[in-house]
Q: 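Dumping the structure here so I can ask a few things about it.
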Amino acid sequence: MTGFTAVILAAGEGTRMKSNIPKMLHRVCGIPMLGHVINAAKKAGAGKVVAVVGKGAQEVQKAFESQEINFVMQAEQKGTGHALMQARKEAEGTGILMVLYGDMPLVTAESIAAMVKFHSERKPAATVMTARVQNPTGYGRIIREGQRVLAIREEKDASAEERAITEINSGFYCFDASLVFEALSKVKNDNRQGEFYLTDVVEIFNGDGRDVLAFEIADPLELSGINDRCQLAFAQSVMQKRIIGRWMNEGVTFINPDSCVVDVNVTIGKDTIIYPGVLLEGETHIGEGCLIVGPSRIKDSRIGNNAEIIMSQILESTVEDKVKIGPFSNLRPGCRIGQEVKIGDFVEMKNASVGPGSKVPHLSYVGDAVIGKKVNIGAGTIFVNYDGYKKHQTVVEDGAFIGCNSNLIAPVAVKSGSYVAAGSTITREVPENSLAVARARQENKIGWAEKRRKKIEGGNNNNG
Ligand code: UD1
Ligand code: CA
């Protein structure tokens, strides 16, 4: 792999997005579009990444603050040549300089690396990534002589003859970093758009007797840019196919891949089966041999091996091996579900840990709870965690059994091996191995119903 400096142009306004969010931060498969270009450049061997930012620069910088990226500012968008010029201090004389666009997230590391290799072997002043397309409208056209590129003509400045050319400029280039800024300083803005075109350096190099070569790539899909929401959706669909295709090649079954969403940083173990309508988002990691039936949404969570998740939502939580969840349960952030736990239907959980082998099979709210091993939480149990001001914790120790329709009013503890009778409202600690009954005692009035009927109906016992 050959080292190089990547300069990513990302200062464009993105007016066609009609958005309050800077264009570069619109997400494709879970991360900002600019992130894909940065990742591809790094994976291809970029030692240094410089991003030229303009509109919404602060927000863009903030979104990437955890990464080693050199940001330079282009306050006014005066064209692609002017944009690259802003990176002069950061990039001049760094060997090979590759220019990429932040709004073209489908470019692959393989294509970038192949072009850098081509450039480093032939050592021209510039290499231009090109592609042949059916409809070249809107792109700069490549004017060639054999392998050499003589000029790139923008559509607005092209003659009818030049417009008929179907080989287009991708906008990705490799330059000799010791030559490009000198050539750029000679670029003028005497064109139809009044911009400083980066593409004009091609003619300048040719005038100086230097070589500019074309590097044609086979798959023009990689060069699809994003200017509006339709193109955003298109890029998402292409990227999504790639991601899911990769996991299918790793041994994951998707029953209907087109109906699923899998973000770029998700990982999935082999022999996991994913049914239609499953969304795997953010930093989610799914183990091997799991079954996930949609509609389900799992975000920023870790799921162990052989788990079953049926029509449920899991957010920012950890689920161990052989857990069964659903149908129709909702795990909100901060849940830690131990091995072989069963969380059944219509259970809402939040900030709760559940020890191995425990069961919360039906219709419960479990918030701010620490539940031990082999605990049974009966149907309809409510962990009453909120007093209107603060949240409080409930502890249910190993082997405890909570009868149906109980309220556990936090802060409270049910010690190990204890029972809570169905229908109880527990407000005080239940000691070990005890039974807590906290409900009104039942009274039976024998014969009461018959007497009442007689009184009202005068002996005419007609229930109709
Ligand atoms: C450019 C090329 C064209 C090529 C096309 C491929 C030029 C003159 N033309 O045209 O040959 O076929 O890309 O998509 O370069 N940007 C800045 N600052 C600026 C202007 C642009 O950072 O002042 C950034 C934009 O954010 C974008 C990229 O540069 O990421 C391309 O800019 P854009 O205006 O879309 O160029 P095109 O007119 O499409
Ligand atoms: Ca463009």
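Because only heavy atoms are used, hydrogens play no part in the values below, and waters and symmetry mates are left out as well, while side chains stay in. Counting convention: from 1, in listed order, for ligands and their atoms alike. Counting from 1, the numbers follow the sequence of the chain as shown. These numbers were taken from a predicted model, which means no experiment stands behind them.
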Q: Short N/O distance, under 3.5 Å, between Q193 and ligand 1?
A: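 Not met; the criterion fails.
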Q: As an exercise, identify every atom of ligand 1 less than 4.0 angstrom from a heavy atom of K78.
A: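 It comes down to these atoms of ligand 1: 23 (O).
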Q: Under the side-chain contact (heavy atoms from CB on, under 4.5 Å) criterion, do L223 and I217 qualify, and how do the steps go?
A: CA-CA 9 Å; L223 307 180; I217 66 161; 4.0 Å; yes
Q: Does any N or O of ligand 1 fall below 3.5 Å from an N or O anywhere on N169, backbone included?
A: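 Yes, at least one N or O pair falls under 3.5 Å.
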Q: For Q74, which part has a heavy atom under 4.0 Å from ligand 1: side chain, backbone, both, or neither?
A: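 Side chain only; the backbone of Q74 stays clear of ligand 1.
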Q: When you compare the side chains of E216 and T130, does any donor N or O come within less than 3.5 Å of an acceptor on the partner?
A: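 No, T130 and E216 have no side-chain donor paired with an acceptor closer than 3.5 Å.
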Q: Sorted by first residue and then second, give each ring-ring contact (aromatic ring centres under 6.0 Å, His included) pair with at least one member in residues 140-176; sequence neighbours left out.
A: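 Only Y173-F175 qualify under ring-ring contact (aromatic ring centres under 6.0 Å, His included).
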Q: Treating R336 as the side-chain partner and A352 as the backbone partner, does any N or O pair qualify as donor plus acceptor under 3.5 Å?
A: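 Such a contact is absent between R336 side chain and A352 backbone.
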Q: Do any N/O atoms on A83 end up under 3.5 angstrom from N/O atoms on ligand 1?
A: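 Such a contact does not occur with ligand 1.
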Q: Are I143 and E162 close enough, and set up right, to give a side-chain contact (heavy atoms from CB on, under 4.5 Å), and what steps lead you there?
A: CA-CA 8 Å; I143 299 171; E162 288 166 337; 3.4 Å; yes
Q: Looking at K322, I want to see if its NZ is surrounded by more than 12 non-hydrogen atoms of other residues, nucleotides or ligands under 6.0 Å.
A: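 No.
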Q: So, is E76 polar-close to ligand 1, with some N/O to N/O distance under 3.5 Å?
A: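 Not met; the criterion fails.
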Q: Under 4.0 Å from a heavy atom of S170: give me the atoms of ligand 1 that qualify, with their elements.
A: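 Under 4.0 Å from S170, ligand 1 has these atoms: 6 (C), 14 (O).
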Q: Would G140 count as a polar contact of ligand 1, with the cut-off being nitrogen or oxygen pairs under 3.5 Å?
A: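 There is such a contact, yes.
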Q: Pick one of side chain, backbone, both or neither for how H82 approaches ligand 1, counting any non-hydrogen atom pair under 4.0 Å.
A: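 Neither; nothing of H82 gets under 4.0 Å from ligand 1.
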Q: Measuring from atom 21 (C) of ligand 1, which candidate in I226, D157, T80 has the nearest non-hydrogen atom?
A: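 Going through I226, D157, T80 one by one, T80 has the nearest heavy atom to atom 21 (C) of ligand 1.
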Q: If you measure from each heavy atom of D103 to ligand 1, is any distance below 4.0 Å?
A: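 In this structure, D103 qualifies as a contact of ligand 1 - some heavy atom is under 4.0 Å.
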Q: I'd like to check whether M24 has a polar contact with ligand 1, where a contact means an N/O of the residue lying under 3.5 Å from an N/O of the ligand.
A: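 No.
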Q: With a sphere of 6.0 Å drawn around CZ of F254, does it hold more than 12 non-hydrogen atoms of other residues, nucleotides or ligands?
A: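 Counting other residues, nucleotides and ligands, CZ of F254 exceeds 12 neighbours.
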Q: Going by distance only, is there an N or O of N227 that falls short of 3.5 Å from an N or O of ligand 1?
A: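 No, there is no polar N/O contact under 3.5 Å.
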Q: The test is side-chain hydrogen bond (donor to acceptor under 3.5 Å, both in side chains); show your working for K23 and N227 and say whether it passes.
A: CA-CA 8 Å; K23 174 164 116 174; N227 295 306; 3.2 Å; yes
Q: Does an N or O anywhere in T199 fall below 3.5 Å from an N or O of ligand 1?
A: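 No, there is no polar N/O contact under 3.5 Å.
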Q: Taking both backbone and side-chain atoms of L198, is any N or O found less than 3.5 Å from an N or O belonging to ligand 1?
A: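 No; every N/O pair is 3.5 Å or more apart.
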Q: More than 12 non-hydrogen atoms from neighbouring residues, nucleotides or ligands closer than 6.0 Å to NZ on K48, yes or no?
A: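 Atom NZ in K48 is packed in, count exceeds 12.
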Q: Does G12 reach ligand 1 with a nitrogen or oxygen that is under 3.5 Å from one of the ligand's nitrogen or oxygen atoms?
A: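 Checking ligand 1 against G12, an N or O pair does fall under 3.5 Å apart.
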Q: Who passes salt bridge (Lys or Arg N to Asp or Glu O under 4.0 Å) against E250, sequence neighbours left out?
A: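 For E250 there are no salt bridge (Lys or Arg N to Asp or Glu O under 4.0 Å) partners, ignoring immediate neighbours.
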